[in-house]
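As the structure is a computational prediction, the values presented were derived from the model and not from experiment. Whatever order the structure lists them in is the order used to number ligands and atoms, beginning at 1.
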Amino acid sequence: MAPDPDRKRTITWDDPKPPLAASRELDGLAFLRAMIAGDYPPPPISRLMNFWLVSADPGEAVFECDPGEYHDNPLGMVHGGLACTLLDSAVGCAAHTTLAQGVGYTSIDLNVSYLRPVLSTTGVLRARGRVVKGGQRVIFAEGVLEDAAGRALATATSSLLVLRP
Ligand SMILES: CCCCCCCCCC(=O)SCCNC(=O)CCNC(=O)[C@H](O)C(C)(C)COP(=O)(O)OP(=O)(O)OC[C@H]1O[C@@H](n2cnc3c(N)ncnc32)[C@H](O)[C@@H]1OP(=O)(O)O
């Protein structure tokens with residue numbers, strides 16, 4: 001079945017290699033702040049799902065997203081994967097802010113609780129990530145997804161493996 005021609009998005013994205021190289025030259029906080037300042041483009045996933053990093057502070061990071069109908073699942077609400085993506089990004093970047101130059105990370109788990117539905121009409125979402133405990137090998141972090149009124153829509157906990165050279 002052909003898609004509705006009145007419902008379409010055009011997505012462009014930037015070469016992710018330059019920011020990847022920069023991420024290896026800067027400490028985590030400096031890299032994320034440079035991305036917010038526009039020195040480096042956001043990663044392709046940001047363009048695809050339409051979310052962006054708005055702040056990075058030691059142990060904290062915040063993303064925003066304006067959900068649309070193109071995020072909907074077949075049940076009349078935004079797919080839970082969007083909340084997962086926003087929370088994964090927020091807790092990941094919160095962890096990244098604490099890492100020195102040359103130290104990487106990867107998330108090794110993400111547990112999400114969906115407290116309230118997200119609708120395409122909900123308005124701008126805000127995902128806040130926070131480091132609960134740093135460490136030499138594992139960083140524990142938590143996040144909350146809120147609507148514009150500050151109501152919690154979803155929460156998450158995550159563990160992030162520190163990757164030292
Ligand atoms: C600004 C906007 C957005 C910002 C978003 C930022 C947040 C993003 C957060 C994420 O989404 S991170 C992505 C989700 N997490 C992952 O993909 C982690 C996947 N898991 C792994 O890579 C490994 O399990 C892990 C490195 C955590 C542990 O590896 P171990 O070394 O302890 O176990 P093992 O040696 O058994 O490796 C498991 C498999 O991973 C492979 N592997 C490990 N390290 C690798 C590596 N560096 N590159 C490629 N493959 C690797 C390894 O070869 C092996 O493959 P096989 O099973 O086929 O043999």
Are Arg33 and Asp57 close enough for a salt bridge, meaning some N to O gap below 4.0 Å? yes
Could Arg151 and Glu146 be called an ion pair, given the rule that one side-chain N must be under 4.0 Å from one carboxylate O? no
Does CH2 in Trp52 sit with more than 12 non-hydrogen atoms of other residues, nucleotides or ligands closer than 6.0 Å? yes
Could you tell me whether Arg9 atom CZ has more than 12 heavy atoms of other residues or ligands within 6.0 Å of it? yes
Among Leu29, Val131, Val162, whose side chain to side chain contact (heavy atoms under 4.5 Å, CB included) with Thr98 holds? Val131
Write out each pair where an N or O from ligand 1 and one from the protein are under 3.5 Å apart, with the distance.
residue, atom, partner, partner atom, Å
ligand 1, 11 (O), Asp88, OD2, 2.9
ligand 1, 15 (N), Thr106, OG1, 3.2
ligand 1, 15 (N), Ser107, O, 3.0

For a quick check under 3.5 Å, do Asp109 and Ser159 share a side-chain donor-acceptor pair by atom type? yes
